[in-house]
Protein chains: 2
Amino acid sequence: MVFKGQAEYSVDSKGRVSIPAKMRGVLNPEAQNTFTITRGFEECIFLYPLDQWAEIEEAIGALNMFNPDARTFVRAIMMWADEATLDGQGRVTISRPLLDFADVDGRALIIGAFDHIEIWDPDRFDEYMDQQPDDYETLAERVMNM
Amino acid sequence: MVFKGQAEYSVDSKGRVSIPAKMRGVLNPEAQNTFTITRGFEECIFLYPLDQWAEIEEAIGALNMFNPDARTFVRAIMMWADEATLDGQGRVTISRPLLDFADVDGRALIIGAFDHIEIWDPDRFDEYMDQQPDDYETLAERVMNM
DNA sequence: GGAGCACTCCCCACTTTTCCCCACGCATCT
DNA sequence: AGATGCGTGGGGAAAAGTGGGGAGTGCTCC
C-alpha cells in the first residue's frame, strides 16, 4: 500500500475533499475506508489510513507523560487529530480548524506521500518548494546516502 | 481507547461542560461514563476515565510516603480530585475551585490528549503554546527520537 | 426538633451542526 | 456514440450542544 501522485481538487463549503480514486484503490481492507487526519509538518494536513495510524499511536502511547516536552508534543498532535471515513462519493470531511491551520480554502493540492496522503494549499506548497535551499539532485544525493 | 480532537464549548452558570461526542464514543464500558477530574499539569484540568484512573491510583499507592516529595505530590493531586458522571446530555459538572484553578470562565477548550481529556481556558492555552521554545517539527524529532 | 433555604441532580425543549443520500456534469474507454 | 467511472454540489434527516426549569436532598437557623 503506497500512495503516489498528485491532484488539485476543490474544497466545498462543507469542507469536503475528494480523495483521488488511484489512492483509494490502494487502501488495505483493514483501513475500513477510514483515515486519521491530523496536522502535518510544514503546515499541511496528513491523512493516515487507520491501519497505518495504529503504529503511530503505539509509539505515542509509549511516551512518558511526566516529561513536559512529551506532553507538549502529545497535545500538539492529538488535538488536531480526527477520524474521517470516505463518504459514498469517495470524499472526506476535514474539520474547519484543520483547514484554517493549513490555510486551505477553495482548492486543495493532494499529494501521495508513500505511507500517507498530504493536503496543501497550492500557493503554500509552491512557497515551500521555493524555499528549499538545495535542488532535487543535491537532496537526493544527501538523503539516499544515509 | 484514545482521545483525540479539540472543541471549544461553553461553560454554563452551573459549571457544566459538554464532552464531545467523539470522545464519549471511545469510552470503555468499565469507565461507567464517569471521570476522575483533577488538576492537570500546566494549569489545565485533567479528566481520566474511571478505568484509566485506576492505574494512576495504583502508581500513587506504590509511592514511598516516608519521602517528603512524595507526600507533597500526593496531597497536590488528590486534594483536587473529584468524580463526575456524564449527565443525560453528555456533560460533566466541574467544581468551582477547579474552574478557578484553571481560570476557565464562560468558554472552555477541550482537548483529547491520548489517555485523558484536558480542559483549558482558550487564551491560556494559546499562551502556553506560544511559550514553547521549539516548534512542532523540532519537538517531534526530539521526542520521537527519529 | 421543625421549617426554610440552598444546592445538586435530572429531565425537557430548542437551536445548530453534522452526516448521509441523491442528482448532475464531465471525461474516458469501449 | 453510448456507457461507465469520477469529481462536484445541494438538500433533508438525525444527532449533538445549549439553556432553563423542577423535584429531591441535605444543611442551617430559629
Side-chain angles (χ1 to χ4, degrees), chain A residues 3-27 32-37 45 47 50 79-100 104-112 117-122, chain B residues 3-27 32-37 45 47 50 81-100 104-112 117-122:
Chain A
F3 297 113
K4 26 178 176 290
Q6 59 170 308
E8 190 177 322
Y9 287 164
S10 69
V11 183
D12 67 20
S13 58
K14 298 178 181 178
R16 293 180 297 190
V17 184
S18 284
I19 301 301
K22 297 268 181 64
M23 300 186 194
R24 296 201 303 260
V26 299
L27 284 172
Q32 299 173 279
N33 278 342
T34 304
F35 295 90
T36 295
I37 160 172
I45 299 169
L47 273 70
L50 219 52
M79 72 178 285
W80 296 98
D82 193 8
E83 280 187 14
T85 303
L86 291 169
D87 68 9
Q89 281 65 45
R91 294 173 292 194
V92 291
T93 301
I94 300 177
S95 68
R96 190 64 48 189
L98 261 177
L99 289 174
D100 290 344
V104 172
D105 171 42
R107 297 201 64 77
L109 179 65
I110 298 140
I111 299 178
I117 297 171
E118 299 189 351
I119 295 181
W120 290 75
D121 175 68
Chain B
F3 297 113
K4 42 176 165 283
Q6 58 173 310
E8 190 177 324
Y9 287 164
S10 68
V11 183
D12 67 19
S13 56
K14 299 177 182 177
R16 295 180 297 188
V17 184
S18 284
I19 302 300
K22 296 264 180 68
M23 300 185 193
R24 296 200 304 262
V26 298
L27 283 173
Q32 299 173 280
N33 279 343
T34 304
F35 295 91
T36 296
I37 303 181
I45 301 169
L47 274 69
L50 221 51
D82 193 8
E83 281 188 14
T85 303
L86 291 169
D87 69 10
Q89 280 64 45
R91 294 174 291 196
V92 291
T93 301
I94 300 177
S95 69
R96 190 62 50 187
L98 264 176
L99 288 174
D100 290 344
V104 172
D105 171 43
R107 296 200 66 77
L109 180 66
I110 298 139
I111 297 178
I117 296 172
E118 301 187 350
I119 295 181
W120 290 74
D121 175 68

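Per chain, numbering begins at 1; letters A, B, ... match sequence-line order. Bear in mind that the values here come from a model prediction, so they are computed numbers and not experimental data.
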Students often get this wrong, so: under 4.0 angstrom with heavy atoms, is R24(B) touching a base, only sugar-phosphate, or nothing? sugar-phosphate
Its contact letters, B for base, S for sugar-phosphate only and - for none at protein heavy atoms under 4.0 Å, make nucleotides 13-30 of chain C read ------BBBBB-------
Only one of I111(A), L98(A), L99(A), I94(A) passes side chain to side chain contact (heavy atoms under 4.5 Å, CB included) with I119(A), and that residue is I94(A)
Are Y9(B) and I19(B) close enough that some pair of their side-chain heavy atoms sits under 4.5 Å apart? no
Figure out the CZ/C1' separation between R107(B) and dT18(D), and round it to whole Å. 10 Å
If you assign each of S18(A) and G90(B) to its closest nucleotide in DNA chain D, which residue comes earlier from the 5' end? S18(A)
Spacing of CZ belonging to R91(A) relative to CZ belonging to R24(A), to within rounding of 0.5 Å: 10.0 Å
Terminal axes of the helix from dG1(C)-dC30(D) to dT30(C)-dA1(D) (five pairs each): angle between them, nearest 10 degrees: 20°
Would you please name every residue forming a side-chain contact (heavy atoms from CB on, under 4.5 Å) with T34(A), sequence neighbours left out? Q32(A), L50(A), E83(A), T85(A)
Mind checking what makes salt bridge (Lys or Arg N to Asp or Glu O under 4.0 Å) contact with R107(A), not counting sequence neighbours? E8(A)
Could you tell me the separation between the CD1 atom of I110(A) and the CD atom of E118(A), rounded to the nearest 0.5 Å? 12.0 Å
Quick check on contacts: within residues 3-11 of chain A, what sits under 4.0 Å from DNA chain C by heavy-atom distance? none
Would you compute the distance between atom CE of M23(A) and atom NZ of K4(A) and round it to the nearest 0.5 angstrom? 10.0 Å
Taking atom OG1 of T93(B) and atom CG of D12(B), what is their separation to the nearest 0.5 Å? 7.5 Å
Taking the side chain as every heavy atom from C-beta outward, state whether F3(A) and L47(A) have any pair of such atoms under 4.5 Å apart. no
For W120(B), give me all partners under ring-ring contact (aromatic ring centres under 6.0 Å, His included), at least two apart in sequence or on another chain. F125(B), Y128(B)
Round to a whole Å and report the spacing from CD1 of I19(B) to P of dA15(D). 21 Å
